[in-house]
2 protein chains.
Amino acid sequence: MSGPKGWQEVQDEVLARIRDRRWPPGSAIPNEADLARDFGVARATVNRALQALAEAGWLDRRRRAGTRVALHPVRRATLSIPIIRAEIEGAGHVPGYRLLRQEMAQPPAPVAAALGLTGPLLHLSAVHTADKRPFVIEDRWVNPAAAPGIREADFAAQSANEWLIVNAPFSHGDIALAAAPATVEEAALLACAPGAALFTVTRTTWAGAQPITWVRLAYGPGYAMKTAL
Amino acid sequence: MSGPKGWQEVQDEVLARIRDRRWPPGSAIPNEADLARDFGVARATVNRALQALAEAGWLDRRRRAGTRVALHPVRRATLSIPIIRAEIEGAGHVPGYRLLRQEMAQPPAPVAAALGLTGPLLHLSAVHTADKRPFVIEDRWVNPAAAPGIREADFAAQSANEWLIVNAPFSHGDIALAAAPATVEEAALLACAPGAALFTVTRTTWAGAQPITWVRLAYGPGYAMKTAL
DNA sequence: CAGGTTAATATGTCTATACATAATAGCCGC
DNA sequence: GCGGCTATTATGTATAGACATATTAACCTG
């Protein structure tokens, strides 16, 4: 076969065969050694291509059992979690920021439960603006034990969002996307009607076993989070 | 150095150095050959580890310029795009489905523009239920030219969602997540108040250059799309 | 025939080596 | 100093060969 030469080309060829049903969902494909011979490349090259496809969800691979085409081509969209200021700048607007609250306080039960902490936490609220118009409300609870130096930080000048990204990197977390009606307070801050549909992002992040922060972002009406598949 | 033995261990070691600031954001890390010597492994092993970290966003790599720690560890959350029935079953509920509309019609301007088509399209509306309670409204426009056999499909029995996943795989698409107030019709279907905040997912998918379908999913109040980072 | 042991097999990974490629640094002529 | 050529360098990729490991199929044995 006058076939592919690099692993990307092998990947493309395999993908083409999956897409045009020469290798239908659920079917087994030839083993790496055979494919390598057919394509005229080394097995390592085929391996690289098939591993990439497996990672992307197109193939299921198991030792000894071989490789088969995934039953449900589970497509994944990747959302990047940007710095809010960078997101606003990227959309061509002038970012702004206003701190509303900065205090130690007892978190509400859902927040305490999400973080697995009981004591008081640093509570921060802020509004981010784009071209002077309200863009998103940031409501955040920070575990001070996980963020050394946070008591000295000046959150009037720099948002907690940015401070934490630079100073307290996290290892993992979870995120929930939802819709919620604007409270009276939120409506006033976002210049919209109470009860308006707001897009919300709620994140909890950890450094190893130590919880760092819980944050809820409430975007103004009209906002959409976009990405490619 | 009595170091790592496999590429995963190399990856873990590098990640540890990034996280504890031995290699701070923006700094250059040693080249592959040096790391290989230090770790006592082959360069290919280091390369495998660093490529994985670069793909995950921890490192920026450029030929000749070397490898440096990413300035903003741009974290990515991957949303899986599941079959709705599978999503409901996965949550432990009994899935149901009711077809509301199936007809050829002229799409509204935003839909026609998103697909880049002008003629009439197949319009489908349906409600998916979980334990007999309304879960999500599916409003879909399909390009019949991109879905051969769709005129014979029985969408009273199988949802268009599933039919398309099995019969018209897509190569790429885009997705927008947002919040919207429930229309009167939506409120009736979802058993909620008009104006309630609904979480919406709008997708456009393509097979190569050919548009396949535009779909908007409107989830009932209380729904949250969750994922890990 | 049940249950456990062994052999076969496909993927997973590491190695050493080689060459390709992108991007830069430095040199040179003017 | 400027423009362009060239050498250098780090990553990107391919290769053959080897061994590891998970899993299953085949085979024994009681």
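Chain letters run A, B, ... following the sequence lines, proteins first, then strands; residues in each count from 1.
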Chemist: Reckon A/T45 has a side-chain N or O less than 4.0 Å from the OP1 or OP2 of D/dT15?
Modeler: yes
Chemist: Measure the distance from CZ on B/R48 to P on C/dG12 and round it to the nearest whole Å.
Modeler: 10 Å
Chemist: Send over the distance from A/R62 CZ to C/dT9 C1', rounded to a whole Å.
Modeler: 13 Å
Chemist: The side chain of B/N47 lies closest to which of these nucleotides: D/dT15, D/dT8, D/dG12?
Modeler: D/dG12
Chemist: Only counting residues at least two apart or in another chain, list the ones meeting salt bridge (Lys or Arg N to Asp or Glu O under 4.0 Å) with B/E87.
Modeler: none
Chemist: Closest nucleotide of DNA chain D for B/T67 versus for B/R64: which of these residues is on the 5' side?
Modeler: B/R64
Chemist: Rounded off to whole Å, could you give me the CG-to-P distance for the B/N31 and D/dT8 pair?
Modeler: 17 Å
Chemist: Atom CD1 of A/I29 to atom P of C/dA10: distance rounded to whole Å?
Modeler: 13 Å
Chemist: If you measure only the distance, is there a donor-acceptor pair under 3.5 Å linking the side chains of A/R61 and A/T67?
Modeler: yes
Chemist: Which nucleotide, C/dT13, C/dA8, D/dT21, lies nearest any side-chain atom of A/R63?
Modeler: D/dT21
Chemist: Quickly work out the B/E9 CD to C/dC14 C1' distance and round it to whole Å.
Modeler: 12 Å
Chemist: If you take all heavy atoms of A/L59 and A/L50, which pair is closest and at what distance?
Modeler: CD1-CD2, 3.8 Å
Chemist: Mind checking B/A65 for me? I need base, sugar-phosphate or nothing, with any heavy atom below 4.0 Å counting as a touch.
Modeler: nothing
Chemist: Over how many whole Å does the gap from A/E32 atom CD to D/dG17 atom C1' extend?
Modeler: 15 Å
Chemist: Using whole Å, report how far CG of B/L50 lies from P of D/dT13.
Modeler: 13 Å
Chemist: Testing the 3.5 Å rule here: is there a donor-acceptor pair between the side chains of B/T213 and B/R140?
Modeler: yes
Chemist: Any base atoms under 4.0 Å from B/R43, or only sugar-phosphate, or nothing? Heavy atoms, all strands.
Modeler: base
Chemist: Look at B/Q8 and C/dG12 and indicate whether a side-chain polar atom (N or O) is within less than 4.0 Å of OP1 or OP2.
Modeler: no
Chemist: Salt bridge or not between B/D131 and B/R133? Use side-chain N to carboxylate O under 4.0 Å.
Modeler: no
Chemist: Grab the CG-P distance between A/L59 and C/dA10 for me, whole Å please.
Modeler: 16 Å
Chemist: For B/A44 and for A/G66, locate the closest nucleotide of DNA chain C by heavy-atom distance; then report the residue assigned to the nucleotide nearer the 5' terminus.
Modeler: A/G66
